[in-house]
Structure formats: C-alpha cells, structure tokens
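Below: the structure, in structure tokens.
Because only heavy atoms are used, hydrogens play no part in the values below, and waters and symmetry mates are left out as well, while side chains stay in. The first residue in the sequence is number 1, and the count goes up from there.
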Amino acid sequence: MSLLQVNQVSKRFGGLTANENVSFSVGTGQIVGLIGPNGAGKTTLFNCVAGFFAPSAGTITLGGRSIAGLPPEACARAGVGRTFQIARTFGSMTACENVMTAAMLSQRHVGRARERAMDWLAFVNLDRFADKPAASMTISEQRRLAVARALAIQPKILLMDEVMAGLNPSEVREAVDVVLRIREYGIACLIVEHVLEGIMPIADKIVVLDRGSKIAEGTPAEVSNDPHVIAAYLGDA
Ligand SMILES: Nc1ncnc2c1ncn2[C@@H]1O[C@H](COP(=O)(O)OP(=O)(O)O)[C@@H](O)[C@H]1O
Ligand SMILES: [Mg+2]
C-alpha cells in the first residue's frame, strides 16, 4: 500500500520551473531514492512534501490525507520528518538536548522526553555523545544526530537530503546501516542522495529527476541501465 503519493506536482519560482508534473509513490516502510544532477529539483520536491513550499500544481497525500500546502509543523504532525542538506544542529547544546527539542513536541514530560531522546541516540549509534556538545561531533555524527532528531517526532516517512555527501566509505556504511534500521523499524525513507554507492544497494525504488521532470523510475538496476539516466549524469559531469 502506498504511504506517500506525489501526483503531478509542479513548483515554479517566477519563470523558473523547478519541478514539472512529478508523480511517484513511496510504500509503507519502503526506501526510495530520489536522484538526479545538480539543480534537478530534488530539494524543491522535498520542500513541497515537507510543507516548506506549497506546490504550484498537483497533489500530495500521506496515508490518503492531503498534505500539499500545509505548513511544515502540520506536515510534521501528519508524519513527515526531514533532515536538511546542511545539517542543522544546535552546536552548544548536547546531543541529547538536540534530540529532546524534537521529542518534547510529542512528550511534554521532560524526563520521558529525555529517555526517548536517549533511545533515538542509541538507534543512530551516538549514545556515547549524549552529554557532549553537538559542536564537538564530526560532520558524519552531526548528520546522524539530525536523523535522530527527525525520528524523535515519530514520523511515518523520513526525508533525508544528502546525508551521505562528503563522508568517507566507513561513514557511508554507518549511514546506510542507520537507514536500513529505520526501514526495519517500519518508517519509510525518501532519500535525496548524490552518493550513489550509498543509495543504490539499499533502495527499493529509485526516482530520477532531471531539469525538474521525472525521467526514470524503477529498481536500482533498471535505472542504472537507463540511457536517459546515463545521459543526464554524463551531461552533469
Ligand atoms: N527558493 C527558490 N527560489 C528560486 N529558485 C529556486 C529556489 N529553490 C530552488 N530554486 C531553483 O530551482 C532549481 C532546482 O533546485 P533544487 O531543488 O535545489 O535542485 P537539487 O536539489 O536537485 O540540486 C534550481 O534552478 C534552483 O536554482
Ligand atoms: Mg539539493
């Protein structure tokens, strides 16, 4: 059954069309990769799904309920969690406090919010940083911290924007492990990723955008052999 349904979504900024008639779905507990060259419209589409932009046209539903045009807080309450391309963590706050800011949205009791935050920190393998300031963590650790914070709002689907960019191979493996654990937990993942070695082996489905439009959709194997996709990536390089 499909959880997220993006249907004929377009987003225009003045004369520029960042997304044009994009349709795809994400099933419950599925990992879907959203890939494409720079400027293809991946982040814009994320922003439409997460409520940061209202689509210019089209519909977006989560569990059958329309979320297009809702503000970010309402999309989050409906079950859309997200991380940002530039990891936003509060540097002077501890890792635990960072996750607590999100856990407190659904759990007003500070002690229980702290417990829940600790659980999510352990989930992303960062419990040892609980009492350390976020600023003391590496980029890779801060990205996982941002994932823990997004998970603490208890989303049905988690949108991750380039959480593997710039990581070394062992850090990519760690990020991949976290994504697999999220799927096991029953949360769907929509992942924008330039690091194809990270996303291709684990995705149930890949959606390819180029210049705002969807140019391919299928299994990682299908998409990697698609001449349109190869041409789009060669054109990028
Ligand atoms: N807030 C905005 N205002 C105007 N143009 C934007 C805005 N956000 C993105 N764009 C434009 O939309 C296009 C797609 O950008 P983006 O979604 O960031 O692509 P990607 O994430 O695939 O690299 C680009 O041409 C970009 O300049
Ligand atoms: Mg982007």
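- When side chains are defined from C-beta on, Lys205 counts as touching Glu217, because their heavy atoms get closer than 4.5 Å.
- Side-chain polar atoms of Asn19 and Arg12 form no donor-acceptor pair below 3.5 angstrom.
- For the residue pair Gln5 and Ser2, a side-chain donor N or O sits within less than 3.5 Å of a side-chain acceptor on the partner.
- His194 and Tyr233 have tilted rings, their planes meeting at an angle from 30° to 60° on a 0 to 90° scale.
- Put simply, Phe90 and Met118 are part of two different groups of oily side chains (I, L, V, M, F, W, Y) that touch within less than 4.5 Å, one to the next.
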For Ile157 and Val26, what are the C-alpha separation, side-chain angles and deciding distance, and is it a side-chain contact (heavy atoms from CB on, under 4.5 Å)?
CA-CA 9 Å; Ile157 183 167; Val26 179; 3.9 Å; yes

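- Within the cation-pi definition used here (under 6.0 Å to the ring centroid, within 45° of the axis), Arg144 does not qualify as a partner of Phe129.
- Within the 4.5 Å cutoff, the side chain of Lys11 has no heavy atoms near those of the Asn47 side chain.
- Using a 4.5 Å heavy-atom cutoff, the side chains of Asp226 and Glu222 are not in contact.
- The CE atom of Met164 sits 10.0 Å away from atom CD of Glu197, with the distance rounded to the nearest 0.5 Å.
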Apply side-chain hydrogen bond (donor to acceptor under 3.5 Å, both in side chains) to residues Thr138 and Glu141 and explain how you reach the verdict.
CA-CA 5 Å; Thr138 65; Glu141 289 155 354; 3.2 Å; yes

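- With hydrogens and angles ignored, the 3.5 Å screen pairs no side-chain donor or acceptor of Thr17 with any backbone N or O of Glu20.
- Side-chain N or O atoms of Gln107 include none that pairs as donor or acceptor with a backbone N or O of Met104 at under 3.5 Å.
- Ser224 contributes a side-chain N or O that, together with a main-chain N or O of Pro220, makes up a donor-acceptor pair within less than 3.5 Å.
- Checked by atom type, the side-chain pair Thr43/Asp161 shows a donor-acceptor distance below 3.5 Å.
- You'll find the side chain of Leu180 reaches within 4.5 Å of the side chain of Ile31, heavy atoms only.
- With a 4.5 Å cut-off on side-chain heavy atoms, Ile35 and Val192 do not count as touching.
- For Phe53 and Phe13, the gap between ring centers is short of 6.0 Å.
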Please report the C-alpha distance between Cys48 and Ile60 in whole Å, then the side-chain angles of each, then the deciding distance to 0.1 Å, and finally whether the side-chain contact (heavy atoms from CB on, under 4.5 Å) criterion is met.
CA-CA 8 Å; Cys48 288; Ile60 304 172; 4.1 Å; yes

Worked check of side-chain contact (heavy atoms from CB on, under 4.5 Å) between Glu174 and Val124:
CA-CA 9 Å; Glu174 244 172 323; Val124 299; over 6 Å; no

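- Residue Arg183 places its CZ atom among more than 12 non-hydrogen atoms of other residues, nucleotides or ligands, all under 6.0 Å distant.
- Tested against Phe24 for a side chain to side chain contact (heavy atoms under 4.5 Å, CB included), the candidates Val207, Val9, Asn7 yield a single pass: Val207.
- To the nearest 0.5 Å, atom CE of residue Met100 and atom CE of residue Met93 are 8.5 Å apart.
- Proximity of a side-chain donor or acceptor of Ser23 to a complementary backbone N or O of Gln8 within less than 3.5 Å is detected.
- Counting only heavy atoms from C-beta outward, the side chains of Arg149 and Thr101 approach each other to under 4.5 Å.
- Put simply, the side chain of Val176 does not reach to within 4.5 Å of the side chain of Arg173, judged on heavy atoms.
- Of the listed residues (Ile191, Leu158, Ile199), just one forms a side chain to side chain contact (heavy atoms under 4.5 Å, CB included) with Val179, and that residue is Ile191.
- Using a 4.5 Å cut-off between side-chain heavy atoms of Ile, Leu, Val, Met, Phe, Trp and Tyr, with links allowed through other members, Leu105 and Phe123 fall into different hydrophobic clusters.
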Run the side-chain hydrogen bond (donor to acceptor under 3.5 Å, both in side chains) check on Ser213 and Asn21 step by step: do they pass?
CA-CA 7 Å; Ser213 300; Asn21 284 331; over 6 Å; no

